Amino acid sequence: MAAHNDKWKELVYLSLGSNLGNEIKKLELARELIEKDIGKIKLASSIYKTEPWGQKNLKPFYNQVIGVASTLLAVEIFEKTQYIELQLGRQAKKSVEYENRLIDIDLLIIGSIIMRSNILILPHPRMHLRNFVLVPFTEIAPNLLHPELHRSIKDLNNYCSDDNKIKRIE
């Protein structure tokens, strides 16, 4: 079990998504495992039903953004999110195309960390292009600054050109 305490410096922002099975239950189970293995959830957006991004022939997704207090390193958080996805039934990708998913957990921003490695890029390289990330992210952290773009999440959301439909459900 990961060490947790309230002496965190920055929240780890994660995007959760699912479009297979009982999507709402998958998001709930993901949050439970994140709290068990990564840290305490301090912020959680509403859940949104969204059109799939990148491919229109997929089922709609259910998405949420959360802020987690964690004492773990970025790579440790990434490894734990990958393990949580496996625990919840995620399969390895079959192609480079976007696919339906039981669960998807993406690291968005961890403080002011900028990282480029073979396994992890921070901040998430496409988050500012996706309203399924920006709309729920704006709900919980509108004034947070993107470490590379130096713009607030609310500003990125206001100027995002993504026109996929998104509807708050809870």
Side-chain angles (χ1 to χ4, degrees), residues 10-35 38-70 77-78 81-82 84-85 88-91 93-111 113 120-170:
E10 304 282 357
L11 290 181
V12 174
Y13 290 94
L14 303 172
S15 174
L16 312 177
S18 176
N19 78 336
L20 290 176
N22 184 338
E23 298 95 341
I24 303 296
K25 184 67 174 171
K26 287 288 183 197
L27 297 180
E28 180 183 318
L29 291 170
R31 289 190 310 269
E32 288 173 10
L33 290 170
I34 287 165
E35 283 224 302
I38 296 174
K40 180 150 181 61
I41 296 173
K42 298 286 190 175
L43 300 169
S45 75
S46 301
I47 295 173
Y48 291 81
K49 184 176 182 180
T50 64
E51 286 184 328
W53 194 87
Q55 288 219 317
K56 299 292 184 190
N57 61 340
L58 301 178
K59 292 178 57 181
F61 275 82
Y62 291 81
N63 296 98
Q64 181 177 39
V65 172
I66 60 175
V68 181
S70 181
I77 294 167
F78 175 75
T81 61
Q82 298 298 291
I84 290 168
E85 288 179 347
L88 294 177
R90 177 151 179 189
Q91 305 286 316
K93 287 182 75 167
K94 297 176 184 78
S95 74
V96 296
E97 300 291 324
Y98 290 102
E99 299 175 330
N100 291 313
R101 296 176 182 175
L102 284 166
I103 192 69
D104 186 37
I105 305 172
D106 287 334
L107 273 75
L108 300 175
I109 291 177
I110 302 175
I113 294 174
L120 181 60
I121 298 172
L122 285 172
H124 190 287
R126 291 174 300 284
M127 65 169 274
H128 63 287
L129 304 173
R130 299 170 167 180
N131 68 9
F132 73 84
V133 171
L134 292 172
V135 171
F137 206 169
T138 299
E139 183 183 325
I140 64 169
N143 299 318
L144 181 73
L145 286 183
H146 187 289
E148 284 185 309
L149 302 176
H150 307 290
R151 293 171 62 191
S152 71
I153 299 302
K154 182 179 180 180
D155 190 44
L156 293 172
N157 183 41
N158 288 341
Y159 293 99
C160 180
S161 62
D162 180 2
D163 61 357
N164 281 2
K165 292 183 182 133
I166 182 166
K167 181 181 179 190
R168 188 166 87 173
I169 62 157
E170 134 183 335

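This structure is a prediction, so every number in the text was calculated from the model and none was measured. The first residue in the sequence is number 1, and the count goes up from there.
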Within-4.5 Å side-chain heavy-atom neighbours: [X] and [Y]:
X	Y	value
Leu16	Ile34	yes
Ile109	Phe137	yes
Ile140	Tyr13	yes
Ser45	Val135	no
Leu107	Leu14	yes

Requested in this report: Mind listing the closest non-hydrogen atom pair of Tyr62 and Leu27 along with its distance?
Outcome: O-CD1, 3.9 Å

Query raised in the report: Val65 and Val133: which non-hydrogen atoms are nearest, and at how many Å?
Result: CG2-O, 3.7 Å

Rounded to the nearest 0.5 Å, how far does [atom2] of [Y] lie from [atom1] of [X]?
X	Y	atom1	atom2	answer
Lys25	Leu102	NZ	CG	14.5 Å
Arg126	Asp162	CZ	CG	13.0 Å
Lys42	Ile66	NZ	CD1	13.0 Å
Tyr48	Lys167	OH	NZ	12.5 Å
Asn63	Thr50	CG	OG1	4.0 Å
Ser15	Met127	OG	CE	9.0 Å

Query raised in the report: side-chain contact (heavy atoms from CB on, under 4.5 Å) between Val12 and Ile38: does it pass, once the steps are laid out?
Result: CA-CA 10 Å; Val12 174; Ile38 296 174; 5.6 Å; no

So, [X] side chain and [Y] main chain: donor-acceptor pair closer than 3.5 Å or not?
X	Y	answer
Asp104	Gly17	no
Ser70	Gly39	no
Glu139	Ser46	yes
Glu85	Ile105	yes
Asn131	Asp163	no
Ser152	Leu144	no

Query - Single hit among Ile110, Ile41, Leu43, Val68 for side chain to side chain contact (heavy atoms under 4.5 Å, CB included) with Leu11 - result: Leu43

Query - With Leu108, the side chain to side chain contact (heavy atoms under 4.5 Å, CB included) member among His146, His124, His128 - result: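 Filter result, single survivor: His124.
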
Requested in this report: Would you please indicate yes or no on a ring centroid separation below 6.0 angstrom for Phe61 and Phe132?
Outcome: no

Requested in this report: Show the numbers, then the answer: is there a salt bridge (charged side-chain N to carboxylate O under 4.0 Å, His left out) between Lys26 and Glu23?
Outcome: CA-CA 5 Å; Lys26 287 288 183 197; Glu23 298 95 341; over 6 Å; no

